[in-house]
Amino acid sequence: MPTILGQNQYGKAENRVVKIVRDGDTHHIKDLNVSVALSGDLEEVHLSGSNAHCLPTDTTKNTVYAFAKEYGIESAEQFGIHLARHFVTSQEPIKRARIRIEEYAWERIETSDANSRFIGAEEVKHSFVRQGQETRLTEIVYDGEQWQVISGLKDLVVMNSTNSEFWGYIKDKYTTLKEAYDRILATQVSARWRFNWTDDEQRMPNWERSYEQVKKHMLQAFAETYSLSLQQTLYQMGSRIINNRSEIDEVRFSLPNKHHFLVDLEPFGLKNDNEVYYAADRPYGLIEATVLRDGVEARIPVDLTNL
């Protein structure tokens, strides 16, 4: 039975690059995990084993590190754009480049005056602690003409200890869940948002400010929504971003409902007045949806786990 070659790509995954910028005694860190995937005129490397059109994956790795020196890392998005443009424009067989980046944040360690004097400096500006809130993400795809930039975050854990209810749902013979009129609402946010910047003729967004503002609006919507369902909160988070950030046309969320169940303390003669909870890690409800600017087509993949 004859066979044909379908979609294919290759590259170097998870290149860990840390760039230190030394501004005198003050240092700045960019810590990235960069994955490169290239596709194009690559049939023969599969069909006959000819490597004539194959740029070694080791070369793509080296390019990541060289570009960190040549261009610096202004933002994950800008760094990914430099890489994607290079691979497509410098190698004729390569027609499309996809760059996925995770960014890990660091914050400066505050030191005591006494310790600063001890090491002979007025202020320590080169010591850092890894932030544990979330991992920043971006994916850049370039085909030589059009750009698609999807950024986001994962592992951002948030909680409202009140102002959340869940009642009025369908009940059948298998339903045991009690209606809740004052509950904990907690989730671990995984979110992606798509920019409407698609070609070099458009004004490029300020990637760093955009990320900061998107996260701000997302968290404010979570905190300020009196929630009757996690779905309602999700929609408010997405709408707040779309309505406040003109550079973004689409937002997709994957929100696991991190359940907190009241512990039955009656066997111990104690009343649990919404004070003591059991935090269950699994199974969990999983709420996912896309929020779009009106008139815009959805392009963020539905399955975020495969982004």
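No hydrogens, no waters, no symmetry mates; every other heavy atom, side chains included, goes into these values.
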Which residues satisfy the side chain to side chain contact (heavy atoms under 4.5 Å, CB included) test with Asp143, sequence neighbours excluded?
-> Glu145, Gln146
Hey, any chance Trp193 and Val141 share a hydrophobic cluster, counting ILVMFWY side chains that come within less than 4.5 Å of each other, even indirectly?
-> no
Is there a side chain to side chain contact (heavy atoms under 4.5 Å, CB included) between Leu153 and Gln133 once you walk through the steps?
-> CA-CA 10 Å; Leu153 55 81; Gln133 284 194 346; over 6 Å; no
Test salt bridge (Lys or Arg N to Asp or Glu O under 4.0 Å) applied to Glu139 and Arg299, Arg100, Arg192, the passing residue = Arg100
Would the number of heavy atoms belonging to other residues, nucleotides or ligands and lying under 6.0 Å from CZ of Arg16 be above 12?
-> yes
Residues two or more places apart in sequence or in another chain: which of them pass ring-ring contact (aromatic ring centres under 6.0 Å, His included) with Phe79?
-> none
Rounded to the nearest 0.5 Å, what's the gap from CD on Gln188 to OG on Ser254? Could you check?
-> 10.0 Å
Nearest non-hydrogen partners of Ala76 and Leu32, listed with the distance = CB-CD2, 4.5 Å
Can you see which heavy atom on Lys30 is nearest to which on Ser75, and at what distance?
-> NZ-CA, 4.4 Å
Pair Ser227, Thr233: side-chain N/O donor-acceptor within cut-off below 3.5 Å | yes
Gly11 backbone acceptor or donor facing Thr57 side chain under 3.5 Å = no
Residue pair Ile99, Val36: steps toward the side chain to side chain contact (heavy atoms under 4.5 Å, CB included) verdict | CA-CA 5 Å; Ile99 312 296; Val36 177; 4.0 Å; yes
Among the clusters formed by ILVMFWY side chains lying less than 4.5 Å apart, do Trp207 and Tyr104 turn up in the same one?
-> no
Asp182: partners by side-chain hydrogen bond (donor to acceptor under 3.5 Å, both in side chains), with sequence neighbours left out = Thr162
Could you give all pairs that pass the ring-ring contact (aromatic ring centres under 6.0 Å, His included) test and reach residues 21-46, with sequence neighbours left out?
-> none
Report the distance from atom CG of Leu55 to atom OG1 of Thr63, rounding to the nearest 0.5 Å.
-> 6.5 Å
Can you find a pair of side-chain heavy atoms, one from Leu255 and one from Val189, that are under 4.5 Å apart?
-> yes
Could you check if a side-chain atom of Arg183 sits within less than 4.5 angstrom of a side-chain atom of His260, using non-hydrogen atoms only?
-> no
If you round to the nearest 0.5 Å, how far is OG1 of Thr60 from OH of Tyr65?
-> 10.5 Å
Apply side chain to side chain contact (heavy atoms under 4.5 Å, CB included) to Ala289 and list each qualifying residue two or more places apart in sequence or on a separate chain.
-> Leu234
Can you find a pair of side-chain heavy atoms, one from Tyr169 and one from Leu177, that are under 4.5 Å apart?
-> yes
Shortest non-hydrogen contact between Glu247 and Ser210, atoms and distance = OE2-OG, 2.6 Å
Could you go through the side chain to side chain contact (heavy atoms under 4.5 Å, CB included) check for Thr290 and Ile300 one step at a time?
-> CA-CA 8 Å; Thr290 300; Ile300 298 177; 5.7 Å; no
Should the pair Phe67 and His82 be assigned to parallel (<30°), tilted (30 to 60°) or perpendicular (>60°) ring geometry?
-> perpendicular
Going by side-chain heavy atoms closer than 4.5 Å, which hydrophobic residues are tied to Trp106, directly or by a chain of links?
-> Val18, Ile20, Ile29, Phe128
Nearest heavy-atom contact between Gly152 and Tyr211 is O-CE1, 3.6 Å
Please find out if less than 6.0 Å separates the ring center of Phe195 from that of Trp147.
-> no
Kindly say whether Glu297 contributes a backbone atom to a donor-acceptor pair with the side chain of Asp249 at under 3.5 angstrom?
-> no
Looking at Glu208 and Arg136, does any basic side-chain N land under 4.0 Å from a carboxylate oxygen?
-> yes
Looking at residues at least two apart in the chain, or sitting in another chain, which of them share a side chain to side chain contact (heavy atoms under 4.5 Å, CB included) with Pro93?
-> Asp41, His53, Gln91
side-chain contact (heavy atoms from CB on, under 4.5 Å) with Ser151: of Leu137, Val214, Ile101, Thr138, only one passes, and it is Thr138
Rounded distance (nearest 0.5 Å) linking atom CD1 of Ile241 with atom CZ of Arg293 | 11.0 Å
Output the distance between atom OH (Tyr142) and atom OG1 (Thr89), rounded to the nearest 0.5 Å.
-> 7.0 Å
Hydrophobic cluster mates of Met159, side-chain heavy atoms under 4.5 angstrom, ILVMFWY only, any path?
-> Ile184, Leu262, Tyr277
Without hydrogens or angle criteria, can the side chains of Ser35 and Glu14 be said to hold a donor-acceptor pair below 3.5 Å?
-> no
Please name all residues satisfying salt bridge (Lys or Arg N to Asp or Glu O under 4.0 Å) with Lys171, sequence neighbours left out, ordered by chain then number.
-> Glu179
Please examine the side chains of Val34 and Lys61, heavy atoms only from C-beta on, and report whether any two atoms are closer than 4.5 Å.
-> no
In one Ile/Leu/Val/Met/Phe/Trp/Tyr side-chain cluster, 4.5 Å: Leu219, Met237 = yes
Asp172 and Thr175 side chains, donor-acceptor separation under 3.5 Å | yes
Please lay out, stage by stage, how Met218 and Val158 fare under the test side chain to side chain contact (heavy atoms under 4.5 Å, CB included).
-> CA-CA 11 Å; Met218 182 191 305; Val158 293; over 6 Å; no
Taking atom CE of Met204 and atom CD of Gln78, what is their separation to the nearest 0.5 Å?
-> 4.5 Å
Determine which pairs satisfy salt bridge (Lys or Arg N to Asp or Glu O under 4.0 Å) with at least one residue from residues 211-220, sequence neighbours left out, and list them in order.
-> Glu134-Lys215
Backbone N or O of Asn272 within a donor-acceptor pair of the Glu275 side chain at under 3.5 Å?
-> no
Given the rule that I, L, V, M, F, W and Y join up when any side-chain heavy atoms are under 4.5 Å apart, are Leu230 and Phe166 in one cluster?
-> no
Is there a side-chain contact between Glu224 and Gln236 (heavy atoms, below 4.5 Å)?
-> no
Between Val251 and Leu292, is there a shared hydrophobic cluster once you connect ILVMFWY residues whose side-chain heavy atoms come closer than 4.5 Å?
-> no
Would you mind listing the cluster partners of Leu228? Hydrophobic ones only (ILVMFWY), side-chain contacts under 4.5 Å, chaining allowed.
-> Trp167, Tyr181, Tyr226
Check: Lys12 and Val64 side chains under 4.5 Å, non-hydrogen atoms | no
Between Ile150 and Pro301 the two heavy atoms that sit nearest each other are CD1-CD, 4.4 Å
With sequence neighbours excluded, what pairs up with Arg96 under the salt bridge (Lys or Arg N to Asp or Glu O under 4.0 Å) test?
-> none
Backbone of Phe222 reached by a side-chain donor or acceptor of Asn160 within 3.5 Å | yes
Search all heavy atoms of Gly285 against all heavy atoms of His259 and return the closest pair with its distance.
-> N-NE2, 3.2 Å
Can you say whether the rings of Phe261 and Tyr278 are parallel (under 30°), tilted (30 to 60°) or perpendicular (over 60°)?
-> parallel
